[in-house]
Structure formats: structure tokens, C-alpha cells
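Comments concern the structure below.
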Amino acid sequence: MHTRLLHNDPQGLATAAAMLRAGGLVAFGTETVYGLGADAGNDTAVAAIYTAKGRPGINPLISHFASADAAFEQVEATPLARRLADRFWPGPLTMVLPRGTHCGISTIATAGLPTAAVRVPAGQTTQALLAACGFPVVAPSANPSGRVSPSDAQHVLAGLDGRIDAVLDCGPCRVGVESTIIDLSRDVPVLLRPGGITLEALEAACGMKLALPAGSNDARPTAPGQLSSHYAPGLPVRLDARSVTPDEALLAFGPPLPGSALVWNLSATGDLHEAAARLFAGLRFLDMEGHRRGLVGIAVQPVPGHGLGRAIRDRLIRAACPRP
Ligand code: AMP
Ligand code: MG
């Protein structure tokens, strides 16, 4: 299959929407990372996403919509869900809610669960694409399953060229880490994944503390065995480095540690927003360049666990996890 690179102009958008409508796979940039899009109501197209990514079928997908109204036609919205939609959509928040009676999302996308994950992403191009489609679009990160997420169009091609129909070039992603996922289908709201909306902001909007899944109630690395490997570069990752050796690459945060000749600074000033936006590009760069220079691993300086740091640490902990 030849993968087309579509430009961010009216013609590129129209082509992307037509391809999606015809059951094709088209990657596009959102404010979080690049997603691999398919018509959420088309079983064949949804199944093709799992094949293209090598994604386990038990891992459900998020459906994306142009508006909260469109999203809430597919799921049973609670008053809290509507409040969070008002506050955070369009934006990097995903809500898990019971499937509605007229839910048109493929059961393959929801992995047979009675719930569906929905989000209204921000960004002019993404919004225009979703509006042009007029149907829900599932869009997991546009990378082979388990590898580093893509934050620009070239990252997508590096992993999926020849396996998908097209990439719509939307430039680099503004936020840089995936959406925060909150499960609103149970008695109490549960944070399923830290992401672009901070836990602090979410708890303030909910007016209560959120339940955290076991093992994640702490922003520090827990026993590696509890965490599934994800976001994995080829080189091993060493967290919370206090020193670095010449045969290691360094992912720095703040003033860089001395000792490595290959450094990517997430943020020299310690700004967590800048660090999130530079995270996946940095892991990719250090992995590729470190491999070329024969280095043995990537050392990561400590990143604080508050605000966006919680999502950054979550990704780094999984990147450092022993590979299956
Ligand atoms: P991504 O891999 O970024 O597309 O995120 C998809 C993630 O959303 C999955 O790995 C699940 O953790 C979560 N998710 C999607 N749908 C559901 C659902 N119905 N119930 C619980 N979690 C879900
Ligand atoms: Mg992913």
C-alpha cells in the first residue's frame, strides 16, 4: 500500500475525509499526538486499525467527535460528564461512559465492553476534519503498538509507512502527551490514565478527589512488573538519573547533568508544558542517534510528579518497563 502525505489545506482535508468515509485509515495530528483515524462505525475499518498497529484486540479505542452534542448521541452522559465537557472540550480529556441505546460505535472499537470512550479534540484541522466526516472517528496513537507515540507527521511515516492510506500533515502537536482518561461509568469517577488535562484541574472541576487505579496513586516508579511496557524506544531507559556516563544518552530536565555528549533537554527552564510537547520527539531522537553512536541506554533526569509531570512520568515509567 502506498501511504500518501496530505497537506493541511482544503484539498488535503477533503481527501482525508473521503478516505475515512470509504473505510480507509488516515493519520492526523490532534493537540495531543497523531492519531490513526478510521470510521468508528465501520467494523472492517476498525479491525484494520488493530492490524496496522499490531494492537491487541482487548485494548479498546477512543472515538473522536466534532462536538459534545455529537459525542453524547453515542453514550449516556451524566450531569458530571456534561460539566466536564463544558469545562474541558475541545481538549485532551477522554470520558468513559455507558454506550447509549443508539450507539453506532463498532463493538470491535469498544472491545465488547458496555462502555465507550469519547473525546472532542482541539485544533483547527482536527475539528475541520471531524466536522467534514460527520461520523465518530476512532484514533489511537499512530504508531506500531507499544512503541513511542508520534508527535509529527514524519514520526507517523517512520512507523506506519506502507500500512495506512494517508497522513494529514497537521504540524507538531501542541500538548504532546495523550489525553487524560476518566471513567464516569462507575459509582465514583476513576482516573484511568494521566494526560494533557492535569489531575489537579480535573479534581477541581469535579469538586472531589478522583479514585486512582491500584499502583498509580503515586507519581514515582512502582514495581516494574506492575506496569505494562509501552512507549518503548529500542534503547533501555533509566529513570531518575542523578549522574550519566559517556556511553549513555541523556534526556534532561532543567540544567543538564554533565557527562553525556548526546543530550535532549525536555525543558532547560523546567517548564512542564514545554517538556510534554518535547517528550516523544526527544525519546525518538535519542534512541535513533544513540543507536547510531553505539550508546547503551537513555538516562532520564527526574521530572516532578505534579501537573503535567504526572503524565510525563507515567509515559517514562512505561518506556523504562522491561519489554515483553
Ligand atoms: P489510546 O491507546 O491512546 O487510543 O487510548 C485508548 C485507551 O483508552 C485504552 O488503552 C483504554 O485504556 C482506554 N479506553 C478506551 N475505551 C475504554 C473503555 N470503554 N473502558 C475503559 N477504558 C477505555
Ligand atoms: Mg498509544
Side-chain angles (χ1 to χ4, degrees), residues 25 27-38 40 46 49-50 52-65 71 74-78 81 91-100 103 105-121 126 136-151 155-156 158-160 164 173 175-186 188-197 210-216 227-233 276 279-280 283-284 311-312 314-319 321:
L25 302 187
F28 57 94
T30 73
E31 81 280 42
T32 59
V33 300
Y34 272 68
L36 179 57
V46 173
I49 282 203
Y50 286 88
K53 281 182 56 83
R55 182 173 173 113
I58 52 159
N59 196 356
L61 305 175
I62 298 168
S63 295
H64 297 74
F65 300 84
Q74 304 293 330
V75 290
E76 283 172 26
T78 59
L93 179 69
T94 295
M95 301 191 224
V96 172
L97 290 160
R99 289 174 68 102
C103 183
I105 299 169
S106 162
T107 55
I108 300 171
T110 52
L113 295 167
T115 52
V118 296
R119 172 165 110 85
V120 176
T126 319
V137 174
V138 286
S141 57
N143 55 278
S145 188
R147 311 308 300 209
V148 181
S149 302
S151 52
H155 296 163
V156 177
L160 295 176
I164 63 177
C173 300
V175 176
V177 290
E178 290 84 348
S179 61
T180 301
I181 306 180
I182 185 172
D183 186 351
L184 297 174
S185 71
R186 316 184 202 189
V188 292
V190 181
L191 181 82
L192 293 183
R193 173 174 79 186
I197 298 292
L210 296 190
L212 306 179
S216 72
L227 296 159
S228 51
S229 170
H230 210 103
Y231 312 103
L279 175 64
F280 290 134
L283 280 173
R284 283 170 179 271
I312 296 171
D314 171 81
R315 307 307 185 262
L316 287 169
I317 290 166
R318 290 174 204 271
C321 204

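We count ligands from 1, going down the list as the structure has it; atoms in each ligand are counted the same way. Values in this document were obtained by computation on a predicted structure and should not be read as measured data.
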Start with the C-alpha gap between E178 and S141, add the side-chain angles, then the distance that decides, and say whether side-chain hydrogen bond (donor to acceptor under 3.5 Å, both in side chains) holds. CA-CA 8 Å; E178 290 84 348; S141 57; 4.7 Å; no

I'd like to know whether N59 forms a side-chain hydrogen bond (donor to acceptor under 3.5 Å, both in side chains) with R55, so could you lay out the CA-CA distance, the side-chain angles of the two residues, the decisive distance to 0.1 Å, and finally the verdict. CA-CA 7 Å; N59 196 356; R55 182 173 173 113; 3.3 Å; yes

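Side-chain atoms of S63 and V138, non-hydrogen and from C-beta on, do get closer than 4.5 Å to each other. Residues P92 and R119 have side chains in contact (heavy-atom distance under 4.5 Å, counting atoms from C-beta outward). Within the 4.5 Å cutoff, the side chain of R315 has heavy atoms near those of the P194 side chain. Side-chain contact between M95 and V75: absent, with no pair of heavy atoms (C-beta onward) separated by less than 4.5 Å.
Taking A117 as the reference, I62, T94, V96 meet the side chain to side chain contact (heavy atoms under 4.5 Å, CB included) condition, with sequence neighbours excluded. Residues that satisfy the side chain to side chain donor-acceptor pair (under 3.5 Å) test with R284, not counting sequence neighbours, are absent from this structure.
Between H64 and F28, the angle of the ring planes goes over 60°, which puts this pair in the perpendicular group of the 30/60° scheme.
Listed by chain and residue number, the protein N/O/S atoms under 2.8 Å of the Mg ion (ligand 2) are S141 OG, with waters left out.
Ordered by chain and residue number, the residues placing a heavy atom less than 4.0 Å from ligand 1 are R55, N59, P60, L61, I62, V96, L113, T115, A116, A117, P140, I181, L192, R193.
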